[in-house]
Amino acid sequence: MFDFDTTKLGVIGYPLKHSLSPLIHNNAIEKLGLNYQYQPLEIKPGNFDTSINGLKIMKIKGFNVTIPYKEQIIGYLHNMSKEVEVIGAVNTVVNNDGKLIGYNTDVTGIKVTLERFGEELSNSGIIVLGAGGASRAVIYSLIEHFNVSKIHLFNRTVEKAEKLKGQFSEKLNFKEISCYNFDEKRIADVLSRAKLVVNTTPVGMYPDVNESPINHYKLFKKDKIYFDLIYNPLKTNFLKKAERTGAAGINGLKMFVGQAAESFKLWTGKEFPIEESELLIKNKFIDS
Ligand code: NAP
């Protein structure tokens, strides 16, 4: 239920029909007995400026930002976290009396996901597939929280990877990124120098569940860790191939709930029900 005192939260993006954020945030609000409400706020391209001003007038306390507005929102911020300055993408906004502050809580989602592999990742080489917004959050987290020594970055559009490399060199003084065209032979060449392979492309996501960003059996080795940011399906073709060799496979569920938990804390100051949220999403996939 809501009343005149209900604090408003939400997610902006387009389209939003499949977003699972309202489900887990409203569950957390209910569980903690807070007078908040989290709504999907679909904004059609072309209406962005008016909509953001409208949200400020409505005194929304905060909102998540998803595709295609993670970069566009930066022009409306009064302040931003260090993560946003480096990554150039926002997934969470806090509204402080009309002043919008931008954060990227995907970085925390990645940190909590990979924490248990911390020792193995320290001073290791990493293969990252894809160079979009999520890739930048992965690379930031790996450099800042896991002290990795080298990143091999593969992207369909190599120019985008080169741009990313320039950003990290300039803003974090991290010079150990090598960029390549997306090519399985070249991935095979560097695999022995990497501990972790991360898929940050949407390849393999529902409904294209039979696809995988890499396919050759030589690219899947028992002594590597494979992390797919996708959580729908929970076990992608990429992870199935990895697990068949006995390697560790991690999906994007913990990252998704981890970023939500950090956003929730920024808005409410409260702890998020992590396990319950993960279970809610798992059950949702089983039911649908
Ligand atoms: P994005 O900014 O659009 O970047 C997508 C990247 O994937 C680009 O580098 C793109 O290459 C590459 N790509 C797209 N289609 C490809 C294909 N068919 N073959 C090879 N490469 C391809 O998207 P994003 O925001 O980074 O999101 C990427 C993925 O991460 C999505 O699946 C998203 O659901 C997932 N994600 C998960 C979480 C989580 O909490 N678990 C959070 C954020 C994102 P080009 O540069 O050549 O276009």
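Every number for a ligand or one of its atoms is a count from 1 in the order of the listing.
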Please list the nearest protein heavy atom to atom 26 (O) of ligand 1 with its residue and the distance rounded to 0.1 Å. Ala134 N, 2.8 Å
Among Met255, Gln259, Lys254, His18, closest by heavy atom to atom 39 (C) of ligand 1 is Met255
Which bit of Met205 is near ligand 1, meaning a heavy atom under 4.0 Å away: side chain, backbone, both or neither? side chain
For the residue pair Ser141 / Lys111, report whether a side-chain donor-acceptor contact shorter than 3.5 Å exists. no
Measure the distances from the heavy atoms of Ala131 to every atom of ligand 1 and state whether one is below 4.0 angstrom. yes
Looking at atom 14 (C) of ligand 1, would you say a protein heavy atom lies below 4.0 Å from it? yes
Is there side-chain contact between Phe272 and Ser277, with heavy atoms separated by less than 4.5 Å? yes
State whether Lys70 and Asp106 are salt-bridged, where the test is any N-O pair (Lys NZ or Arg NE/NH1/NH2 against Asp/Glu carboxylate O) under 4.0 Å. yes
For atom 40 (O) of ligand 1, the protein heavy atom that lies nearest, with its residue and separation: Phe256 CA, 3.2 Å
Checking a contact table here: which protein heavy atom is nearest atom 20 (C) of ligand 1, and how many Å away? Arg156 CD, 3.9 Å
Of all the non-hydrogen atoms in the protein, which one sits nearest to atom 36 (N) of ligand 1, and at what distance? Leu229 CB, 4.2 Å
Of all the atoms in ligand 1, which lie at a distance below 4.0 Å from a heavy atom belonging to Gly133? 2 (O), 26 (O)
Per-atom contacts, ligand 1 versus Lys160 - under 4.0 Å to a heavy atom: 45 (P), 46 (O), 48 (O)
Going by atom types only, do Asn123 and Ser149 share a side-chain donor-acceptor pair under 3.5 Å? no
Checking the N or O distance criterion of under 3.5 Å, is ligand 1 in contact with Asn155? yes
Heavy-atom contacts with Gly130 under 4.0 Å: which atoms of ligand 1 show up? List them by number with element. 9 (O)
Yes or no on ring pair (Phe, Tyr, Trp, His ring centres under 6.0 Å) for Phe48 and Tyr76, after CA distance, side-chain angles and deciding distance? CA-CA 10 Å; Phe48 193 70; Tyr76 295 78; 5.3 Å; yes
Among protein heavy atoms, which lies nearest atom 5 (C) of ligand 1, and at what distance? Pro202 CD, 4.1 Å
How far is atom 47 (O) of ligand 1 from the closest protein heavy atom, and which atom is that? Thr157 OG1, 2.4 Å
Hey, looking at atom 6 (C) of ligand 1, which of Gly132, Pro68, Ser21 has the closest heavy atom? Gly132
Checking side-chain polar atoms at under 3.5 Å, does Gln259 have a donor or acceptor matched by the opposite partner on Asn91? yes
With a 3.5 Å cut-off and no angle check, do the side chains of Asn64 and Ser21 form a donor-acceptor pair? no
Between Glu243 and Lys235, does at least one N-O distance fall below 4.0 Å, as a salt bridge requires? yes
Ligand 1 versus Thr201: contacting region, heavy-atom distance under 4.0 Å: both
Is the contact between Val203 and ligand 1 made by the side chain, the backbone, both, or neither, using heavy atoms and a 4.0 Å cut-off? side chain
Protein heavy atom at shortest distance from atom 23 (O) of ligand 1: Ile67 CD1, 4.6 Å
For residues Lys150 and Ser178, is any side-chain donor paired with an opposing acceptor at under 3.5 Å? yes
Answer yes if the side chains of Thr157 and Asn155 hold a donor-acceptor pair under 3.5 Å, and no otherwise. no
Heavy atom of the protein closest to atom 28 (C) of ligand 1 (residue, atom name, distance): Thr200 O, 3.0 Å
Is it true that the side chains of Asn237 and Glu211 contain a donor and an acceptor less than 3.5 Å apart? no
Does the gap between the ring centers of Phe174 and Phe168 come in under 6.0 Å? no
